[in-house]
Amino acid sequence: MKIAVTYDNTNGMVFQHFGHTENFKMYNIEDGKITASAVVPTLGSGHGALADFLKFNSADILICGGIGDGAKNALAKAGIKLYGGVSCKADDAVQAFLDGTLAFNPDITCSHHDHEHQDGHSCGNHTCGSHTCG
């Protein structure tokens, strides 16, 4: 089995916006244990292309923070099981998943995105991925 986690290179945390993730940390799992892991750059893929990227890299499971409905549908179509709404270190998330203690939100949906206007104000502020591991 292969588990992919949206990955923040700066702090090792689960990255909180699936469509903007620049890296996945991929974990090979055998007999319920991590046998290998590697950080894989997405090379600029966007929302819909990331599901294809994960399928190409043989991911069976995705652990992430926030994710929109379009991406959720693309993952389902690719046969990748989603565990969203997770906020902790990527390694801890995978271990919690393997231990059966991963706290996630099966109904996670980001229906809007943060963006900043030229006048400096921000609209659509929200937080996705409010659950912790184990």
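The basis for the numbers below is simple: all heavy atoms, side chains too, and nothing from hydrogens, waters or symmetry mates. Positions are given from 1 along the sequence. Everything numeric here is computed off the predicted structure, so don't read it as measured data.
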Colleague: Should Y83 and I34 be counted in the same cluster of Ile, Leu, Val, Met, Phe, Trp and Tyr side chains packed under 4.5 Å apart?
Modeller: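 Same cluster.
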
Colleague: Check the hydrophobic clustering (I, L, V, M, F, W, Y; side-chain heavy atoms under 4.5 Å; chains of links allowed) and say if V5 and M13 are grouped together.
Modeller: no

Colleague: Kindly say whether F15 contributes a backbone atom to a donor-acceptor pair with the side chain of D8 at under 3.5 angstrom?
Modeller: no

Colleague: M1 and L102: same hydrophobic cluster, using ILVMFWY side-chain contacts below 4.5 Å?
Modeller: yes

Colleague: Going by heavy atoms in the side chains, are I67 and L75 under 4.5 Å from each other?
Modeller: yes

Colleague: As an exercise, state the distance from CD1 of I29 to CG of D31, rounded to the nearest 0.5 Å.
Modeller: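 I29 CD1 to D31 CG: 10.5 Å, rounded to 0.5 Å.
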
Colleague: Could you give the distance from CG (L62) to NZ (K81), rounded to the nearest 0.5 Å?
Modeller: 11.5 Å

Colleague: Looking at L50, T21, I63, N23, which one forms a side chain to side chain contact (heavy atoms under 4.5 Å, CB included) with T6?
Modeller: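 Running side chain to side chain contact (heavy atoms under 4.5 Å, CB included) over L50, T21, I63, N23 with T6 returns exactly one hit, T21.
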
Colleague: Of all heavy-atom pairs between A78 and A51, which one has the smallest distance, and what is that distance?
Modeller: CB-O, 4.4 Å

Colleague: Tell me whether the rings of F18 and F24 are parallel (<30°), tilted (30 to 60°) or perpendicular (>60°).
Modeller: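 Plane angle between 30° and 60°, so tilted.
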
Colleague: Enter the distance from I61:CD1 to L54:CG here, rounded to the nearest 0.5 Å.
Modeller: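 Answer for the CD1-CG pair, I61 versus L54, is 12.0 Å.
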
Colleague: When rounded to the nearest 0.5 angstrom, what distance separates CD in E22 from OH in Y7?
Modeller: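 If I round to the nearest 0.5 Å, the distance is 13.5 Å.
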
Colleague: Which heavy atom in I108 sits nearest to a heavy atom in G65, and how many Å separate them?
Modeller: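 Heavy atoms only, the tightest pair is CG1-O, 4.0 Å.
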
Colleague: With rounding to the nearest 0.5 angstrom, report the NZ to CD1 distance, K72 to I80.
Modeller: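 Those atoms lie 15.0 Å apart.
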
Colleague: Out of D92, D91, D99, which one pairs with Q95 under the side chain to side chain donor-acceptor pair (under 3.5 Å) rule?
Modeller: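 For Q95, the side chain to side chain donor-acceptor pair (under 3.5 Å) test succeeds with only one of D92, D91, D99, which is D99.
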
Colleague: Return the minimal non-hydrogen interatomic distance between Q16 and S87, and the atom names on each side.
Modeller: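 It is NE2-CA, 3.8 Å.
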
Colleague: Measure the spacing between NZ of K25 and NZ of K89 and express it to the nearest 0.5 Å.
Modeller: 9.5 Å

